Engineer: 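Okay, here's the structure, questions in a sec.
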Amino acid sequence: MKLAAPTKSLLHLPTRPKSGIIDGVKYFSGELDDPTLPPPLPTSSAVPEIVSLLKTTDHNDWISNSELVEFLNAPPSPTSLLKLTRQLGSTEKALEFFEFFKTHSSSLSSSPSSLSFTFQAILEQAMREDKSDVPSKLFQLFSFAKDGKIPLSINAATLLIRCFGRAKMLEESISVYNELDSNSRNTNVVNLLLDCLFRGGNSDYGFKVLDEMLKRDSGFPPNDSTVDIVLSAMWKRNWVGRRMSLEEISGLLVRFFEHGVFLDDVWNTKLIAKFCRSGKCDKAWDLLHDMMRLGGQVEASSFNALLSGLGRERDFQKMNLLMNEMKEKEIKPDVVTFGILINHLCKSYKIDEALQVFEKMGGSECDGILVKPDLVLYNTLIDGLCKVGKQEEGFKLMEKMRLESGYEPNTVTYNCLIDGFCRAGEIERSYELFDQMKKDGVVPNVITLNTLLDGMCKHGRVSTAMGLLAEMQEKGLKGNSITYTILITSFCSVNNIDRAMSLFNEMSENRCSPDAKVYYSLILGLCQARRMDDALCVASKAKEAGFGLDIICYNALIGGLCRKNKIDEAHKTLKDMEEAGIKPDRHTYNTLISYFSEKGQFETAHRVLKRMIDDGYLPNVVTYGALIHAYCLAGNLDEAMKIFQNMSSATNVPLNTVIYNILIDTLCKSDKVEDAISLLGDMKDKGVRPNTTTYNALFKGLQERNWVEKAFEIMDQMTENTCNPDYITMEVLTQWLSDIGETEKLRSFVEGYEVSTSTA
DNA sequence: CCGACTGCTA
C-alpha cells in the first residue's frame, strides 16, 4: 500500500528540527504498520471514472447520476474509499462526497470503517490545503466527527494528535486520544500522545498515560520507543520537572523491564553515570542488576560507567566484584574497562601491577581477550609512571607507543611528562618537552601552562613563571582560576603579598572569576604572612562572592589572630564559623588550647580541652605538645612531666620527636641533663627518632656541665643515626671542643658527617 | 555516555 506522495513532506514541519515521534518519519510515515487497516484489495476498475465524475459534476447532481447510484449500492472496500477520497483534490469536495456517501449508501452497517476511512482522507486533504492554520481547521473537522459520532481511524487519530501536539494543543490531543476506541488504541498512538505531553510540558498527564501503559495486562504495552520518549523528556528536564528521585526512576524502569523492554546501551550508560555522579552508586548498581536479572542485554560500557563511579568512591571491593561478574557473564571488557583498571592501579601506586595488566592485554593469554591499547591507555600509564618518579620510563613508553602502536603523543601525553619532569625538579627538561610539543604541532592547553607554572614556582622560578604566563597570554591562551591559585600561593610563600594581591585583582580583569580555592589560597597565604586584616578582608569578599569558607580557612584565620594576640577577633571568627554551620575540629581546638596555655591561662585551656573531648575529639600529640610546651615555658616542669607520663601510660597517643625535644630542651636548661639523657634512651626504646634539634639541646646542656665524655658518646650516636648536624650543632661543638683542645674528635665527627651525607 | 593531564590537605 502506497501513501499519497505529498503527505510526508507536509507532515514534516520545518519549525521543529529535532526528530521525534511528532515529526516522526520513523513511526508515522504512513499506515504501513497500522494493524486496523484491511489488507489491500484490487482496486475496482471503476474507481478512476468515479473520481473524475465526482470532480467534474456538482454534488447536487450526484444522486441523479446512475453510475454513482450504482456505486453506492456496491461500494468498494474502506481502503478503496480512502484512496478515492484522497483523489478528490479538495477538502470541500471530499466533505461533499462524505455527506453523499453517509446519506445514501446502504451498506454502512456492514462496513462501519468506511466512514472512518473516508474521514481520514478528508483530514489528510485538509492538512495539505490550508497551510495557514492547519490546527484550527483540523480541530473543526475533529469536532465535526465527534458530533457526528464518526469513529476515528487510528491514522486519523495519529494525524490529529501529531498536529495538535506540534501546536501545543495538549488538551485537544488528549481529547482525540479519549475519542479513540480503546480497542483500536495501540502502542504507537500512545507513544505519540506521550511524546506530545512530555514535550508540551504536561508530564502529569503523561505519567498517567504511561502508568496505564505499564500495567501488566496493558493492551498497548511499551516498546523501545516508549523508553526513548520518556527518558528523553526526563533527561532534558534534568529529572527535576517531576522532582523524581532516583528511586522512582529506577522503579519506573523496572516496570519497563518487566515488559521485556530494556534500555539500550547508550541509555543504560548515561543513566548509570548520572546515578553515580549524584553519589548514588548503590542505585546504579541495582539498576544494572535489575536489568540483567530481568533478561536485559548489558554491554561493557554500562559496566564501565559503574566501575568508574565505584572508583571515585574508592569502593575497590565492589569494583572487584563487578569485574568478576563481567567475567562470569562473559561480557568482554573493552579498552575503557582496562583503562579504568589500570588508572586505579596507578592511582594506588601499584604501577608494576598496572604494567602487568598492560602487558597481558596485548598478549594472547589473558582469557582469550585481546584489546589493543589506545592513546588514552598509554597516557594513563605514562602519567602513572611520572607520578611515582619514573618520568624517564614514562618518556620511554611514549617512544615505544610511537614505534609499536603508531600513536602520536597528544597534549595530555605531553602534559603528563612535563609534570613528571617538573616534579623531579628537571624544569629544563620540561621546557624542552614544551618546545618539542609545539614543534610537533601539538597544541598546549591551559593544563600545560599550569603544570609548567607550578613546576617553575615550586622550584623558585617565580619570575620565569610570570614571563611564561605573559607569553602564553599574548598567544591567546588565557589562564584559569588554577593558574592564579598557583601563582598566588607561590607569591605568598615568598612573602610577596603585594604581587599575590595584584594577581588576585587582575583575575577579574581577565574575565576569569576566582573560584573558592583561589580565595582560600589567598586567605591562607595572608594568614601565613600574619596579614590578618587583609586576610579577614579577603574572607569577607569570598563570602560576598558566595564562597563559604571551609574549616581550613577558619582555622587559619583563628590561628593567625591568636598568634597576633587578637583573641577578641579570633572569638568573633569562631562564632562566625559556628553560625555558618561549621563545627570546630581537632585543629581548631588545638589552636585554642595552644593559645590559652601559652598565655598561661591553663584553666581556660583545660576547659577547651574538655569541650574538645566532649565533642568527640580525643587529644592528639599536638594537643599534648601544646600543653607540655606551655607548662615548660611557664616553668612548671613537674606538670609538663606529669602530662608526659600520663600520655605514655594512659593514652594510645604515640609520642613524637617534638614532644621529646620540648622536654629534653627544658630539662637541659633546668640543669637536669641526666634526666634529659634518660629521655633520649626512652626515645630509643620507643622507636622515636631523635633529630638535630634533639642533639643540639643535649649538646648545649652537656656544654654547661662540661660533660665531655657524654658528649662524645652522643656525637657517635648521632653519626650512627645518620643525623646531620646543622650550623647550631657546629657552633656549639666547635667552640666547646676547641676551647678544651678536643679538635681531633671534632674532625672525625665532621668527617663522619660528610660520609653520612654522601651515602644518604 | 564509560577511561588520561593542572591547585591543596593547615
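Everything numeric in this text was worked out from a predicted model, so none of it was measured. Chain letters run A, B, ... following the sequence lines, proteins first, then strands; residues in each count from 1.
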Engineer: Among the nucleotides dT6(B), dG3(B), dC1(B), which one has an atom lying closest to any side-chain atom of Thr269(A)?
Structural biologist: dC1(B)

Engineer: Rounded to whole Å, how long is the line connecting atom CE of Met323(A) with atom C1' of dG3(B)?
Structural biologist: 11 Å

Engineer: Answer yes if the side chains of Ser301(A) and Asp265(A) hold a donor-acceptor pair under 3.5 Å, and no otherwise.
Structural biologist: yes

Engineer: What residues, two or more places apart in sequence or in another chain, satisfy ring pair (Phe, Tyr, Trp, His ring centres under 6.0 Å) together with Phe504(A)?
Structural biologist: Tyr519(A)

Engineer: Give a yes-or-no answer on whether the side chains of Thr483(A) and Asn480(A) include a donor-acceptor pair shorter than 3.5 Å.
Structural biologist: yes

Engineer: With sequence neighbours excluded, give me every salt bridge (charged side-chain N to carboxylate O under 4.0 Å, His left out) pair touching residues 333-344 of chain A.
Structural biologist: none

Engineer: Strictly below 4.0 Å: does Lys517(A) bring a side-chain N or O up to OP1 or OP2 of dT6(B)?
Structural biologist: no

Engineer: Considering only residues two or more places apart or on different chains, which pairs with a residue in residues 433-457 of chain A satisfy ring pair (Phe, Tyr, Trp, His ring centres under 6.0 Å)?
Structural biologist: Tyr431(A)-Phe434(A)

Engineer: What residues form a ring pair (Phe, Tyr, Trp, His ring centres under 6.0 Å) with Tyr617(A), not counting sequence neighbours?
Structural biologist: none

Engineer: Which nucleotide sits closest to the side chain of Asp585(A): dC5(B), dG7(B), dA10(B)?
Structural biologist: dA10(B)

Engineer: Restricting to ring pair (Phe, Tyr, Trp, His ring centres under 6.0 Å), what partner residues turn up for Phe395(A), sequence neighbours left out?
Structural biologist: none

Engineer: Please check the phosphate of dC5(B) (OP1 and OP2 only) for any side-chain N or O of Lys347(A) closer than 4.0 Å.
Structural biologist: yes

Engineer: Which nucleotide in the list dC5(B), dG3(B), dG7(B) gets nearest to the side chain of Arg312(A)?
Structural biologist: dG3(B)

Engineer: Across the strands shown, which category fits Leu417(A) at heavy-atom distances under 4.0 angstrom: base, sugar-phosphate, nothing?
Structural biologist: nothing

Engineer: Quick one: does Asp334(A) reach the base of dG3(B) with a side-chain donor-acceptor pair under 3.5 Å?
Structural biologist: no

Engineer: Looking at dA4(B), does its base get a donor-acceptor pair with the side chain of Asn343(A) below 3.5 Å?
Structural biologist: no

Engineer: State which of dT6(B), dG7(B), dG3(B) makes the closest approach to the side chain of Ile340(A).
Structural biologist: dG3(B)

Engineer: Which pair of non-hydrogen atoms, one from Lys599(A) and one from Asn565(A), has the smallest distance, and what is that distance?
Structural biologist: CE-OD1, 2.7 Å

Engineer: What is the distance, to the nearest angstrom, from the CG atom on Asp454(A) to the P atom on dC5(B)?
Structural biologist: 15 Å

Engineer: Which residues in residues 533-543 of chain A have a heavy atom closer than 4.0 Å to any atom of DNA chain B?
Structural biologist: none

Engineer: Would you mind classifying the nucleic acid contact of Ala273(A) as base, sugar-phosphate or nothing, using non-hydrogen atoms under 4.0 angstrom?
Structural biologist: sugar-phosphate

Engineer: Can you see whether Asn415(A) engages Asn379(A) through a side-chain donor-acceptor pair at a distance of less than 3.5 angstrom?
Structural biologist: no

Engineer: Indicate, with a heavy-atom threshold strictly under 4.0 Å, whether Ile482(A) touches base, sugar-phosphate, or nothing.
Structural biologist: base

Engineer: According to a strict under-4.0 Å criterion, is Lys387(A) in side-chain N/O contact with OP1 or OP2 of dT6(B)?
Structural biologist: yes

Engineer: Any donor-acceptor pair under 3.5 Å joining the side chain of Asn379(A) to the base of dG3(B)?
Structural biologist: no

Engineer: May I ask you to say what Asp374(A) touches in the nucleic acid, namely base, sugar-phosphate or nothing, with a heavy-atom cut-off under 4.0 Å?
Structural biologist: base

Engineer: For the residue pair Asn445(A) and Thr448(A), confirm or rule out a side-chain donor-acceptor distance under 3.5 Å.
Structural biologist: yes

Engineer: Among all residues two or more places apart in sequence or in another chain, which pass the ring pair (Phe, Tyr, Trp, His ring centres under 6.0 Å) test with His289(A)?
Structural biologist: Trp285(A)

Engineer: Please list, by residue number, the residues of residues 391-415 of chain A whose heavy atoms come closer than 4.0 Å to an atom of DNA chain B; answer none if no residue qualifies.
Structural biologist: Asn410(A), Val412(A), Asn415(A)

Engineer: Of the listed nucleotides (dT9(B), dG3(B), dG7(B)), which one gets closest to any side-chain atom of Arg277(A)?
Structural biologist: dG3(B)

Engineer: When you get a sec, tell me which of dA10(B), dG7(B), dA4(B) is the closest nucleotide to the side chain of Ser481(A)?
Structural biologist: dG7(B)

Engineer: Tyr595(A) has an atom OH; how far is it from atom C1' of dA10(B), in whole Å?
Structural biologist: 20 Å

Engineer: Heavy-atom contacts under 4.0 Å between residues 297-309 of chain A and DNA chain B, which residues?
Structural biologist: Ser301(A), Asn304(A), Ala305(A), Ser308(A)

Engineer: Leu549(A) has an atom CG; how far is it from atom C1' of dC8(B), in whole Å?
Structural biologist: 16 Å

Engineer: Using a 4.5 Å cut-off on heavy atoms from C-beta on, say whether the side chain of Asp228(A) contacts that of Asp224(A).
Structural biologist: no

Engineer: Considering only heavy atoms, which members of residues 425-452 of chain A lie under 4.0 Å from some atom of DNA chain B?
Structural biologist: Ile447(A), Asn450(A), Thr451(A)

Engineer: Taking only Lys NZ, Arg NE, NH1 and NH2, and the carboxylate oxygens of Asp or Glu, determine whether Asp533(A) and Lys564(A) approach each other closer than 4.0 Å.
Structural biologist: no

Engineer: Between C1' on dA10(B) and CG on Leu561(A), what's the gap in Å once rounded to a whole number?
Structural biologist: 15 Å

Engineer: Applying salt bridge (charged side-chain N to carboxylate O under 4.0 Å, His left out), name anything that partners Arg586(A), two or more places apart in sequence or on another chain.
Structural biologist: none

Engineer: Please, which pairs that meet side chain to side chain donor-acceptor pair (under 3.5 Å) have at least one residue in residues 459-469 of chain A, sequence neighbours excluded?
Structural biologist: Glu428(A)-Arg461(A)

Engineer: Roughly, in whole Å, what's the span from CG in Leu345(A) to C1' in dA4(B)?
Structural biologist: 15 Å

